[in-house]
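Here is the structure we will look at.
Start at 1 and go down the list; that is how both ligands and their atoms are numbered.
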Amino acid sequence: MTEEKAKKPAKAPKLADPVASSIDVATQQLIARAQELGIDTVWDRAENMKPCAIGMQGTCCKNCSMGPCRLPLPKGGIEGEDTRKGLCGATANTIAARNFIRMVAGGAAAHSDHGRCVAEVFRSVARKENHDYKIKDTIKLKAVAEALNVAITVEVDGEVVDRDIDEIALETAEVAYGEWGKPEGEIIYLKRAPEALYEKWKKAGVLPRNIDREIVEIMHRTHMGVDQDYKNLMKQGARASLADGWGGSMLATDLQDILFGTPYPVQSEANLGIMKEDHVNIIVHGHEPILSEMIIAASQDPEILDYAKSKGAKGIQLGGICCTANEMLQRHGVPVAGTFLQQELAIITGACDAMVVDIQCIFQNLANVAKCFHTKLITTHPIARMEQNNVLHIEFDEHHAMDDAVRIVKMAIDNFENRGAEVMIPQQKATQVAGFGVESILYHLGGTFRGTYYTLNDNIINGRIRGIAGVVGCNNARTRHNESHITIVKELIKNDVIVLTTGCNGIACAMEGLLTPEAGAVYCGPGLAEVCETVGIPPVLHLGSCVDNSRILLAATEVVKAGGLGKDICDLPAAGSAPEWMSEKAISIGQYFVTSGVYTVFGYTFPTAGAPVFEDYLFNEMEKLYGGMWDFEADPIKHAHKMIAHIDAKRKALGIDKARERVLMDMADRQALEA
Ligand code: BF8
């Protein structure tokens with residue numbers, strides 16, 4: 001290299017175009033604001049670092065130090081035999097399958113370890129070792145106990161009486177906790193699935209034994225020189241995904257509902273405009289409601305509120321980011337500050353007095369952004385710390401949870417007076433109704449007297465509702481923020497497909513105003529609009545955080561049980577989607593949807609494109625085993641229409657594709673349809 005070349009000044013980093021980065025005006029404004037202040041955000045970094053093409057194709061193996069072995073797909077594809085192989089001889093299929101199921105393991109581990117923490121808190125409450133948390137929902141406790149084969153009644157002197165609730169809680173806690181590592185048997189909740197589906201899993205040999213074992217086995221099988229058959233690798237991927245969806249995630253949801261209350265519809269708001277200039281703003285970010293529940297309680301304490309007022313604030317404004325947002329929203333109506341991609345922006349408002357984080361989806365760059373403002377960035381979880389020295393760590397311990405929460409909230413209040421002049425809170429926020437779940441859908445669509453899913457099924461059979469879509473998942477800085485989420489959801493509801501949402505899709509829909517009953521008349525086809533108006537529900541039902549995708553599995557099971565739409569989840573006119581996915585958790589969720597019989601389409605990119613044979617196995621062959629399969633479509637309109645085409649094919653198979661006279665069906669009518 002010549003001296004002249006070596007001295008060439010480094011190029012200034014490129015800046016993202018705010019309008020091209022997001023469809024949301026508040027987000028655009030704050031990206032521009034960050035650029036004015038010389039602070040980089042995820043969108044700027046995405047401009048300056050392109051992803052590795054071979055990694056994106058799923059065919060880079062770095063599982064041993066002879067590699068990384070990189071097997072890119074040749075331009076124009078493979079002609080004839082695929083002779084690509086790594087140093088050990090691993091084929092593109094083996095490498096892509098290993099990488100894919102390692103993503104399943106990562107996602108399943110994240111959800112399930114979250115579930116384990118909740119199970120530990122629940123157990124400490126049941127053992128009466130903990131006084132800050134209490135059991136809030138004893139009805140749910142009894143339902144969960146029964147699902148875990150724990151008796152809720154007992155015979156006394158020949159008479160069956162209710163069992164003591166503390167005893168039920170204790171036994172439920174022990175049984176639930178055992179699901180992570182019991183030495184024998186299978187995950188108990190698998191029996192909650194439709195019988196036909198359980199039998200399919202049994203036949204395929206994928207019934208998970210316990211949660212931890214299936215994740216560990218993925219790490220073993222994908223170690224250098226172990227499993228070298230992509231079909232066999234995927235068998236374990238399917239098994240571990242079930243351990244997540246019907247195991248760790250479902251237990252997380254259930255135990256959270258028992259401890260903190262089962263969600264019912266609540267009205268709230270969404271987007272960065274929920275922050276208030278004259279209030280202490282505390283943004284809680286992450287996933288486990290164990291932290292956020294206590295922060296909510298502390299910030300509502302009259303003494304703490306007086307303390308905030310004594311420091312010149314009018315009150316305390318809590319807001320959530322990511323799935324913590326969804327947890328606080330669905331049980332308390334706490335407004336949502338933003339999606340995964342908006343986390344840096346909450347600090348860039350200059351009005352965030354504390355950002356409190358626990359686990360998952362947290363950018364390390366928050367620490368760098370916080371350095372530019374007065375914001376206290378507080379990590380709280382022993383497994384999720386940051387190296388930067390401006391980050392405070394207050395370890396949240398369930399045994400003195402309230403004390404920890406009070407300390408954190410007071411720290412935010414004390415920081416209120418340190419705000420600089422650079423406050424810029426965007427105006428944008430939208431009204432939303434969230435907090436739906438298996439139980440509330442039962443009530444809303446079934447009514448007080450018909451508390452079942454029959455009415456929903458009748459409306460599907462009649463054709464008012466064409467089908468059901470589960471649209472979930474992340475944002476991704478490689479695609480325009482929220483654009484695919486919103487385009488796909490609007491296209492679905494326009495075509496009378498009711499949408500169940502969770503995670504960052506739920507937040508995106510809230511920001512767009514799709515989570516209001518009024519959205520029915522504005523965006524829906526005539527059938528769905530009529531249902532929304534009659535029942536008073538939004539066309540997009542927000543079911544919570546990403547672990548709450550388990551609610552979608554159980555809602556689908558309830559639809560099967562109500563009759564008239566087949567005997568298995570794969571018979572339903574239903575489809576799944578993650579338009580802007582980025583996380584390993586999304587792959588695990590997608591896989592347990594597929595293994596449970598759901599046609600599941602991912603947007604942006606698919607991590608197996610470099611191994612067409614393996615990809616074909618996921619996209620086509622898997623359906624023969626489980627009734628569900630993967631698909632990929634980056635274009636949001638085509639993506640929605642692939643889902644609608646699948647829904648229509650299922651309607652045809654059920655014989656409900658022809659326009660019918662709209663009659664309320666009774667059981668005999670439904671049975672006749674099934675025959
Ligand atoms: O678990 S949707 S970006 S926040 S991973 Fe993360 Fe994705 Fe958002 Fe919740 Ni889920």
Show the atoms of ligand 1 that are less than 4.0 angstrom away from any heavy atom in [X].
{"X": "Met582", "answer": "3 (S)"}
{"X": "Lys585", "answer": "1 (O), 5 (S), 9 (Fe)"}
{"X": "Gly473", "answer": "2 (S)"}
{"X": "Cys323", "answer": "1 (O), 4 (S), 9 (Fe)"}
{"X": "His287", "answer": "1 (O), 4 (S), 9 (Fe)"}
{"X": "Phe340", "answer": "3 (S)"}
{"X": "Cys322", "answer": "4 (S)"}

- Message: Could you check whether Tyr604 and Phe632 have their ring centres less than 6.0 Å apart?
- Response: no
- Query: Do Trp630 and Phe602 have their ring centres less than 6.0 Å from each other?
  - Reply: yes
- Message: Tell me whether Ser545 reaches ligand 1 (any heavy atom closer than 4.0 angstrom to a ligand atom).
- Response: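 No, that is not the case, since the closest heavy atom of the residue is not under 4.0 Å from the ligand.
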- Item | ligand 1 contacted by His111 (non-hydrogen, < 4.0 Å) |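 False for this residue.
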- Query: Does the side chain of Ile211 reach to within under 4.5 Å of the side chain of Trp246, using non-hydrogen atoms?
  - Reply: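 Answer no - side chains too far apart.
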- Compare all side-chain heavy atoms of Gln35 with those of Pro18 and state whether any distance is below 4.5 angstrom. yes
- Whether Cys361 has an N, O or S atom under 2.8 Å from atom 7 (Fe) of ligand 1: no
- Flag Ser583 as yes when one of its N or O atoms lies below 3.5 Å from any N or O atom of ligand 1, and as no otherwise.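 Not met; the criterion fails.
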- Query: Is any N or O atom of Asn475, backbone or side chain, closer than 3.5 Å to an N or O atom of ligand 1?
  - Reply: no
- ligand 1 versus Gln360, non-hydrogen atoms closer than 4.0 Å: side chain, backbone, both, neither? neither
- Item | Verdict with supporting geometry, Gln388 and Gln364, side chain to side chain donor-acceptor pair (under 3.5 Å) | CA-CA 9 Å; Gln388 289 97 324; Gln364 186 165 357; 3.1 Å; yes
Under 3.5 Å donor-acceptor, [X] side chain and [Y] backbone:
{"X": "Glu344", "Y": "Asn365", "answer": "no"}
{"X": "Asn99", "Y": "Cys60", "answer": "yes"}
{"X": "Gln236", "Y": "Leu233", "answer": "no"}

- Message: Looking at Glu120 and Arg116, is there a salt bridge between them, counting it only when a charged N and a carboxylate O are closer than 4.0 Å?
- Response: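 Salt bridge flag = no for Glu120 with Arg116.
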- Message: What I want to find out is whether Asp254 reaches Arg192 closely enough, with some N-O distance under 4.0 Å, to be called a salt bridge.
- Response: yes
Among all protein heavy atoms in this structure, tell me which lies nearest to [atom], with the distance rounded to 0.1 Å.
{"atom": "atom 10 (Ni) of ligand 1", "value": "Cys546 SG, 2.2 Å"}
{"atom": "atom 8 (Fe) of ligand 1", "value": "Cys504 SG, 2.4 Å"}
{"atom": "atom 7 (Fe) of ligand 1", "value": "Cys474 SG, 2.5 Å"}

